[in-house]
Amino acid sequence: MKTNVNRLLAAALWKIYTRSEEVLPWDTGADFPWADPVFGRRTLAEHLDEDNGAASRSSRERALQIDWLWHKLDLQPGQHVLDITCGPGLYAVELARRGCTVTGIDINPAAIEYAVNLAEQAGVAGRCTFIQQDVREMAAYTAQFDAALFLYEQLAVYATDEARLLLDKVAGALRPGGRLALELLDQDNVDKTDSSWWFTDDTGLWGDSPFLHLGERIWDDELQASLERYHILHLETGQLKQYTLFDQTYSVAALRALLLESGFGAVDHYLNWAGLPLYDAGEWVVYVARK
Ligand SMILES: C[S@@+](CC[C@H](N)C(=O)[O-])C[C@H]1O[C@@H](n2cnc3c(N)ncnc32)[C@H](O)[C@@H]1O
């Protein structure tokens with residue numbers, strides 16, 4: 001048994017050693033397996049971990065953001081908000097508590113289940129609809145939302161053509177005068193170096209038994225995008241899993257042009273979350289676009 005595992009581990013290391021040097025943007029699988037139920041449960045734990053801002057920000061930071069968004073998006077009780085890639089509904093349910101009607105879309109089944117329960121516990125289930133869906137397959141809503149949120153970078157994992165299609169749909173979903181808050185990495189501040197790292201752990205996003213995580217990050221200057229590859233070696237079984245994540249960055253001018261092409265009429269942008277004390281505020285640009 002042990003010999004077999006050792007053989008698999010050796011084969012996995014060779015597979016890593018002989019990996020392609022070529023970076024293929026948005027190749028099949030160039031994203032996390034978000035819809036996988038097991039991965040989804042582990043991701044949910046990351047969302048809810050107050051010490052780890054990787055998937056959702058902490059409750060203290062969210063409270064600051066929600067106040068800011070409420071003001072910047074001119075939200076009012078009774079308005080209808082679309083939360084795109086809503087995760088476990090941490091923003092959506094708070095907006096419903098303030099009187100909005102909210103539709104949240106996320107691909108992770110565990111996150112959607114959590115959001116539904118959270119809305120029930122908060123007594124706002126009647127004002128919340130959560131849909132487990134790939135956002136690229138979102139229904140073609142017509143002018144029925146007053147505002148939309150697209151927070152924490154998820155638009156950036158798509159190629160620009162796909163991102164444009166998605167923004168067209170979001171614009172179509174908003175009524176005239178409707179507002180979108182879109183959060184993306186600040187191209188001027190993004191790390192433009194290549195790097196690699198490793199760590200071991202017993203449990204976490206990658207599994208529930210000992211694993212070795214080998215990560216590498218490549219910055220593509222021409223595309224202005226980063227590619228991260230994670231090679232996860234499961235030490236008890238010898239199984240190797242590999243994940244890839246792309247992150248397209250945009251200049252403010254390029255993103256503004258995309259939003260205008262999609263039918264938005266005015267676009268403001270806020271660097272550094274306009275000074276909100278978030279631990280990573282300096283990495284972000286928030287666009288507030290009005291249809
Ligand atoms: C960084 S998290 C942000 C979640 C939430 N907006 C927040 O700030 O708490 C990214 C989210 O995008 C979701 N996601 C990833 N790909 C998706 C897709 N194709 N369609 C819908 N949701 C997706 C993930 O499940 C995850 O909840």
Side-chain angles (χ1 to χ4, degrees), residues 26 28-70 73 81-96 102-116 118-119 128-139 141 147-159 161-167 169-170 173 180-185 205 226 228 243-248 273 276 278-281 283-287:
W26 304 286
T28 313
D31 195 1
F32 285 167
W34 295 106
D36 176 81
V38 175
F39 188 79
R41 274 200 300 281
R42 293 196 191 114
T43 313
L44 175 61
E46 303 283 322
H47 280 289
L48 302 179
D49 183 346
E50 284 282 318
D51 299 323
N52 172 2
S56 289
R57 293 184 168 91
S58 67
S59 45
R60 183 193 70 81
E61 295 196 338
R62 281 198 311 274
L64 295 170
Q65 290 177 301
I66 290 169
D67 281 345
W68 190 87
L69 291 164
W70 187 265
L73 296 176
V81 181
L82 177 64
D83 187 353
I84 305 155
T85 66
C86 63
L90 304 173
Y91 294 78
V93 170
E94 177 54 29
L95 294 180
V102 186
T103 300
I105 297 175
D106 200 282
I107 199 168
N108 177 357
I112 289 295
E113 190 184 336
Y114 184 92
V116 168
L118 190 65
C128 291
T129 306
F130 289 107
I131 304 168
Q132 192 260 316
Q133 190 177 45
D134 187 321
V135 72
R136 290 165 292 183
E137 284 150 26
M138 181 170 84
Y141 298 108
L149 305 180
F150 205 157
L151 299 181
Y152 229 7
E153 179 68 354
Q154 200 56 33
L155 185 71
V157 305
Y158 304 122
D161 286 349
E162 212 167 15
R164 182 181 292 121
L165 290 177
L166 207 40
L167 290 177
K169 265 192 178 178
V170 176
L180 164 69
L182 170 66
E183 183 188 18
L184 288 169
L185 283 176
L205 185 58
S226 69
E228 291 192 358
Y243 304 93
T244 311
L245 193 65
F246 280 96
D247 238 327
Q248 177 67 57
W273 270 93
L276 276 193
L278 312 180
Y279 87 101
D280 60 348
E283 295 174 24
W284 301 95
V285 186
V286 183
Y287 297 87

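In what follows, every heavy atom counts, from backbone to side chain, and hydrogens, waters and symmetry copies are set aside. In listed order, ligands and their atoms are each counted from 1.
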Subject >> Donor-acceptor under 3.5 Å (Asn52 side chain, Glu46 main chain) >> reply: no
**OP:** Run the contact test for Leu90 against ligand 1 with a 4.0 Å cut-off on heavy atoms, strictly below, and give the result.
**Re:** no
Subject >> Heavy-atom nearest neighbour of atom 26 (C) of ligand 1 within options Asp106, Ile131, Thr85 >> reply: Asp106
**OP:** Check step by step if side chain to side chain contact (heavy atoms under 4.5 Å, CB included) holds for Ser56 and Asp49.
**Re:** CA-CA 8 Å; Ser56 289; Asp49 183 346; over 6 Å; no
**OP:** Compute the minimum heavy-atom distance from Tyr91 to ligand 1 and say whether it is under 4.0 Å.
**Re:** yes
Original post:
Does the N or O separation between Ile107 and ligand 1 drop below 3.5 Å for any pair?
Top reply: yes
Subject >> Approximate separation, where rounding is to 0.5 Å, of Leu118 CG and Glu94 CD >> reply: 10.0 Å
Original post:
Under the 3.5 angstrom rule, does the side chain of Gln133 hit a backbone N or O of Glu137 as a donor-acceptor pair?
Top reply: yes
**OP:** Would you please determine whether Gln133 falls within less than 4.0 Å of ligand 1 on a heavy-atom basis?
**Re:** yes
Original post:
More than 12 non-hydrogen atoms from neighbouring residues, nucleotides or ligands closer than 6.0 Å to CD on Glu113, yes or no?
Top reply: no
Original post:
Can you name the closest pair of heavy atoms from His47 and Leu90 and give their distance?
Top reply: O-CD1, 4.2 Å
**OP:** Could you walk me through whether Tyr91 and Gln65 pass the side chain to side chain contact (heavy atoms under 4.5 Å, CB included) test, one step at a time?
**Re:** CA-CA 9 Å; Tyr91 294 78; Gln65 290 177 301; 2.5 Å; yes
Original post:
Measuring from the heavy atoms of Glu153, does anything fall under 4.0 Å of ligand 1?
Top reply: no
Original post:
Are Arg41 and Trp34 in a cation-pi setup, meaning NZ or CZ lies under 6.0 angstrom from the ring centre and within 45 degrees of the ring axis?
Top reply: no
**OP:** Taking the side chain as every heavy atom from C-beta outward, state whether Val286 and Trp68 have any pair of such atoms under 4.5 Å apart.
**Re:** yes
Original post:
Does a donor on one side chain and an acceptor on the other come within less than 3.5 Å for Thr244 and Glu228?
Top reply: no
Original post:
Between Glu153 and Trp284, do the side chains contain an N or O donor and an N or O acceptor separated by less than 3.5 Å?
Top reply: no
**OP:** Report, in ascending order of atom number, the atoms of ligand 1 lying under 4.0 Å from any heavy atom of Tyr158.
**Re:** 16 (N), 17 (C), 18 (C), 19 (N)
Original post:
Can you find a non-hydrogen atom of Ala55 under 4.0 Å from ligand 1?
Top reply: yes
Original post:
Just which atoms of ligand 1 are under 4.0 Å from any heavy atom in Gly87?
Top reply: 27 (O)
**OP:** Select the closest option to atom 20 (N) of ligand 1 among Val157, Val135, Ile84, judged by heavy-atom distance.
**Re:** Val135
**OP:** Please determine if Asp83 has a nitrogen or oxygen closer than 3.5 Å to a nitrogen or oxygen of ligand 1.
**Re:** no
**OP:** Examine Cys86 against ligand 1 and note whether any of their N/O atoms are separated by less than 3.5 Å.
**Re:** no
**OP:** Assess Ile105 for proximity to ligand 1: is some non-hydrogen atom of it under 4.0 Å away?
**Re:** no
Original post:
Counting both backbone and side chain atoms, is some N or O of Tyr152 under 3.5 Å from an N or O of ligand 1?
Top reply: no
**OP:** Would you kindly specify which portion of His47 sits under 4.0 Å from ligand 1, judged on non-hydrogen atoms: side chain, backbone, both or neither?
**Re:** side chain
**OP:** Report the part of Phe39 in contact with ligand 1, treating N, CA, C, O as backbone and CB onward as side chain, heavy atoms under 4.0 Å; options are side chain, backbone, both, neither.
**Re:** neither
**OP:** Would you mind telling me if ligand 1 is within reach of the side chain of Trp34, the backbone, both or neither, using heavy atoms under 4.0 Å?
**Re:** side chain
Subject >> Atoms of ligand 1, numbered as shown, that sit under 4.0 Å from any heavy atom of Ser56 >> reply: 7 (C), 9 (O)
Subject >> Value rounded to 0.5 Å, distance of CG in Leu276 from CG in Leu69 >> reply: 8.5 Å
Original post:
If you count the atoms of ligand 1 from 1 in the order shown, which ones are under 4.0 Å from a heavy atom of Leu151?
Top reply: 6 (N)
Original post:
Considering only heavy atoms of Asp134, which atoms of ligand 1 have at least one such atom less than 4.0 Å away?
Top reply: 18 (C), 19 (N), 20 (N)
